[in-house]
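Bear in mind the structure is a predicted one, so any value in this text is a computation, not a measurement. Proteins come first, then strands; the chains are lettered A, B, ... in the order of their sequence lines, and each starts at number 1. When reading the values below, keep in mind they use all heavy atoms of this one structure, side chains included, and skip hydrogens, waters and symmetry mates.
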Amino acid sequence: MEYNFRDIENNWRKFWAENKTFKVTEDTSKPKYYVLDMFPYPSGAGLHVGHPLGYIASDIYARYKRLQGFNVLHPMGYDSFGLPAEQYAIQTGLHPKITTSINIDGCLDVNGKIKSQFVNIDGSIKEEALIDKSISCTIKDENYQDNIIKGYRNQLDKIGFSYDWDREVRTSSPEYYKWTQWIFKQLFDCYYDNTSNKAERISKLVEAFEVNGNAEVNAVSDCETTFSAAEWKSFDARKKEEILQEYRLAYLADSWVNWCPALGTVLANDEVVNGVSERGGHPVEQKLMRQWSMRIKAYAERLLTGLETVDWTDSIKDQQRNWIGKSQGCSLFFPLWSGNEGEDNGSTATEALEGAIEVFTTRPDTVYGVSFMVLAPEHPFVDQITTAEYAEGVANYKKEASLKSERDRQADVKNITGQFTGAFAIHPFTGEKVQIWIGDYVLASYGTGAVMAVPCGDQRDYDFAKHFNLEIKNIFADVDISEAAYTEKDAIIANSDFLNGLDAKTAMKKAIEAIEAKGLGKGKTNYRLRDAVFSRQRYWGEPFPVYFENELPKLVNDDQLPIRLPEVYKYLPTEAGEPPLARATKEAWKEQFQGDRMDYNTMPGWAGSSWYFLRYMDPKNEAEFVSKEKADYWKQVDLYIGGSEHATGHLLYARFWTKFLFDQGYISFDEPFAKMINQGMILGNSRFAYRLHIGSVGIENLKLPARFIYVSKSYRNEIVNGIKGEYTEKINQLIQSVNGELDFSKITYFVNQVHVNINYVDGETLNIDLAKTDPYHSEFNESIFLNEKDESYLCGSEVEKMSKSKLNVQTPDELVEKFGADTLRMYEMFLGPLEQSKPWDTKGINGVHNFLRKLWRLFNIDEYGQAHVSAEPASKDSLKTLHRTIKKMTDDLDRFSFNTGVSNFMICVNELTDQKCNNKHILHELLIMLSPYAPHICEELWVKLGNEAGTINFASFPKFDESHLVEANIAYPVSFNGKMRLKIELPTAFTPKEVEEAVLSNADAQKYLEGKTPKKVIVVPGKIVNIVL
RNA sequence: GCUCGGAUGGUGGAAUUGGUAGACACGCCGGACUUAAAAUCCUGUGCCUGUAUGGGCGUGCGGGUUCAAGUCCCGCUCCGAGUACCA
């Protein structure tokens, strides 16, 4: 009987679902293992072959761990709040709740217009969706020509993942976001205590204020004023809350935010890429707005040191380190010089630090190299220190700088600009006057917004000094700075009074000591990491569990959670520019409405994904976000697989929340993901057609034979290379046929490449099959195609990121249909190392499919479906093959080398086929090993061997027995001067000396010796013999 | 610019601690079966050279260490990812 993968896979999929084979509970008799995938955002485009890559790898590993006797938690869910569903809602009026559900659960597409009926995985109708029929909308999804939108769940199920679906979470379900809101409440109610070095309750802070004011409080805060206990008590509620907001871990503050007008919302720093929004590429500007923020800066140091305890790639760790951006140095005050130009006011450095300019430097050792100062144009001191003479210049410069967007400023790095203020500061050590400039290379938002310029040691200061002809002092011994600054830290300090003769490290220490002794500043650590803006002016996100009374934020009580997303008629901001939730009437909030108004913001996408791995442990708990008991059983995620693009977003925020929940004692670990692997991107193979464009000079009313003309590749090549050959001639003829005689010297041709759906193009010949193209694709309908000589239309191709817009998406569904899920699983693994990005190409898939058929044939299955295997003891050769495979499989799985795992199986089955092995014991063990990779076929064959259905998933992974690999003889490779020449069969038991003697006396080896005596003979027992002549 | 990866046949890739470079698969060449094609099976396949046993060359480039280098060290080239005036 042939291998009928369709029936086999359907049956087993059903079996697993009906028997809940992969349902898991907290079983203390077994060691636990937690394998997690980054959950997907369910977009309307569906899964493409890139998505399952990581899921397949993690599933193989989860199944492997089960066979090793672990109790494996392997869940899946959906990150289902987010922008695309909302934008779609804005366009169509369809509630994001409905589109989200459609994208996950699937539905029928009625008349290509409204998808109004949800369907179950088997295609039966589940329920009528609540769609307002008066809303006119059209949903078109080019990926599905038939009427069924499959949905993520159905697509995932087809691949045979061993998820415990009873634990599914959706971040947009009220049962889930209830706890996202609850965690927010805890953050609101905590501050970060630097002494205990953890988050503490606000009540503790208030107690401290009531006893001592804030002088004794050592906490992370934006509060710059000090107050006594008496003052605190005298403050009114508003004032008190304002101060507390400066301590809370979740707080409201006016902050400069990345405002994206096109999306009508603020974006986090990691959602802005090159000055435009990550989603949609819209421009982003800076705007001051009252926003919720998360005081992630409080955790900067722990986020940094925690990296040392996790097993992640260096690249991801580096990205996080750079993002946190720790730099150590000190602050230093430069007093202002208050005399008139040309005279010395005689004040000394330590006098009057009032109004002094504070700088932050990482190189206090170079303080004697300071020859001027530069302030950011936005620095608050600029206006007060600027002299009348320079007022106009400074005003102009400030205006220019403010008009430049962040992006322009970045693009303009090479242009050196600046302006002297006319003011001077006093060098705190030498007492010399130094000029104060403003320049936009100094950023207001980093450090203190002011720098002490040391041109000899900093390239930017150097360039600035050269450009404006400012003094450059060399404070390094034996270093040439005539061309560039010397930025290494290995020079000896000179011309620097008490620092002379010291190396940089010692000098830094001494300089900071001196600065602190004189009261001019102190040692300080700065972080680049900024607090994270936590509110979005969107509809489709978690509402805040917050209401306002007299514009004071108040938390709603726990028993009122979740605050449900109210219904609105329109998903756009209000005319007054308020978020969409401002459209919700009091009635829409139902009984949840409190105070003067509810908070109109919603939480950002990363809120729900910052803790979802905890919810999987206890997904149905209505009393807690996760019970302590279950969290203590499952603990950290042991293996996390996902893309590296979340390095500075999700992965940082999830670590932050985990540390916070740890501080508050809810969980007993403070890093969420013990080990992480980042799967590479799967690239698509795009196809292009070449659209001809015609330009002409002085020819009026040039007629075209069709709306568009598409030329084949040969035509394109002539046009692009500027050749006027036979193809150009053909185009000329075509144009002439509709225009009559023309002066072709006045006509120019050029081509534009246009993405063509890869399904229209033959993968091998790259010929377009026009019969396959969408008949409603008006562009092709109204076009003329100029073909090759053989009448085919030859496309261009290019490897680029797989995406719907590039029309190069391959869905797993078509491959599962054609080859089966087991083939797809093994093929995706066979493509190459998991971490590497690779182009998608189905050329090799036959090889993997053939492997499974070859495996099937080993079982001699007759027409009645009976396997015919031998129960006799296995042959020595077969045992050797089996145990070599066990060894390699264990090694490869332990180092996550899934691609070599597949080839191990191929070698094994090839050898067993050559041996004509149909031994039951061997096949039994092989099936267990293979079942993580190809679960369906292994289940089927497992039963055919007489085992109970489903038990293969919890069988024992075969144990390696080295004795089967021991051979009496070994073929020693013999090399001469490192060049391998021949192999000599020798007993394994030979000592190196015996090997040497045997080799030297061997007749074949003597041929290469040419009668000479070898200078040296190296014998590596069991490995190689090398003879040096 | 800085940081982190990477470069191996016609293609995807293998070689885990320095020890037979090219496993496995695709593709291709030849053969079997077939009226024929598809499918399947068998053989060969790094390059150059030779009828052949064989010989020479070979892991981006140039050096080095070593009995032995794809692997280690030094200096480059190119490609990818991240980041970017962070004082």
More than 12 non-hydrogen atoms from neighbouring residues, nucleotides or ligands closer than 6.0 Å to NZ on A/K675, yes or no? yes
Main-chain N/O of A/I436 paired to A/T421 side chain as donor or acceptor, under 3.5 Å: yes
Expressed in whole Å, how much space separates the P atoms belonging to B/G60 and B/A69? 15 Å
Would you indicate, yes or no, if B/G55 has its OP1 or OP2 atom less than 4.0 angstrom from a side-chain nitrogen or oxygen of A/Y1008? yes
Can you check whether A/N910 has a side-chain N or O nearer than 4.0 Å to OP1 or OP2 of B/A25? yes
Working to the nearest 0.5 angstrom, can you tell me the gap between A/R321 CZ and A/D314 CG? 7.0 Å
Name the nucleic acid region contacted by A/N1026, choosing base, sugar-phosphate or nothing; use a 4.0 angstrom heavy-atom cut-off, strictly under. base
Can you tell me if A/Y1008 uses its side chain to pair, donor with acceptor, with the backbone of A/S975 under 3.5 Å? no
Would you state whether a donor and an acceptor, one from the side chain of A/K983 and one from the base of B/U20, lie under 3.5 Å apart? yes
For a quick check of understanding: with a heavy-atom distance under 4.0 Å over all strands, which category does A/S315 fall into, base, sugar-phosphate or nothing? sugar-phosphate
For A/F360 and for A/N977, find the nucleotide of RNA chain B with the closest heavy atom, then tell me which residue's nucleotide is more 5'. A/N977
Would a distance-only check, ignoring hydrogens and angles, find a side-chain to backbone donor-acceptor pair under 3.5 Å from A/R853 to A/Y3? no
Are any of the side-chain nitrogens in A/E301 or A/K326 under 4.0 Å away from the carboxylate oxygens of its partner? yes
Please classify the nucleic acid contact of A/N850 as base, sugar-phosphate, or nothing, using heavy-atom distances under 4.0 Å. sugar-phosphate
Mind checking A/M906 for me? I need base, sugar-phosphate or nothing, with any heavy atom below 4.0 Å counting as a touch. sugar-phosphate
Which is true for A/V1028 with a 4.0 Å heavy-atom rule: it touches a base, it touches only sugar-phosphate, or it touches nothing? sugar-phosphate
Would you please name every residue forming a side chain to side chain contact (heavy atoms under 4.5 Å, CB included) with A/I682, sequence neighbours left out? A/V49, A/L53, A/M802, A/E828, A/L831, A/W840
Just to be sure I understand the rule, does A/F372 reach a base, reach only the sugar-phosphate, or reach nothing, if contact means heavy atoms closer than 4.0 Å? nothing
When you measure from the side-chain N and O atoms of A/R528 to the phosphate of B/A87, is any distance below 4.0 Å, counting only OP1 and OP2? no
Is B/G60 syn or is it anti, if syn means the base angle is within 90 degrees of 0? anti
Testing the 3.5 Å rule here: is there a donor-acceptor pair between the side chains of A/Q810 and A/T842? no
The residue, A/K1016 or A/R981, whose nearest nucleotide of RNA chain B is more 5′ is A/R981
Using atom names, set out every protein N or O paired with an N or O of nucleotides 13-17 of chain B below 3.5 Å, distance rounded to 0.1 Å.
from, atom 1, to, atom 2, distance (Å)
B/G13, OP1, A/Q836, NE2, 2.6
B/G13, O3', A/N899, ND2, 3.4
B/A14, OP1, A/N899, ND2, 2.9
B/A15, OP1, A/R895, NH2, 3.2

Pairwise C1' distance for B/G1 and B/A14, with rounding to whole Å: 37 Å
Just checking A/Y827 against A/F830, ring centres under 6.0 Å apart? no
Should A/R857 be listed as having a side-chain N or O under 4.0 Å from OP1 or OP2 of B/C41? yes
Quantified in whole Å, what is the P atom distance between nucleotide B/G56 and nucleotide B/C42? 35 Å
Using the C1' atom on both, measure B/C72 against B/A52 and round to a whole Å. 41 Å
Just the dot-bracket of RNA chain B, please: which string comes out with Watson-Crick or G-U pairs under 3.5 Å, [ ] for crossing, | for another strand? (((((((..(((......[....)))((.(((.......))).))((((....))))..(((((..]....))))))))))))....
Check for a donor-acceptor pair, side chain of A/T988 on one end and backbone N or O of A/E967 on the other, with a separation under 3.5 Å. yes
Any base atoms under 4.0 Å from A/K1015, or only sugar-phosphate, or nothing? Heavy atoms, all strands. nothing
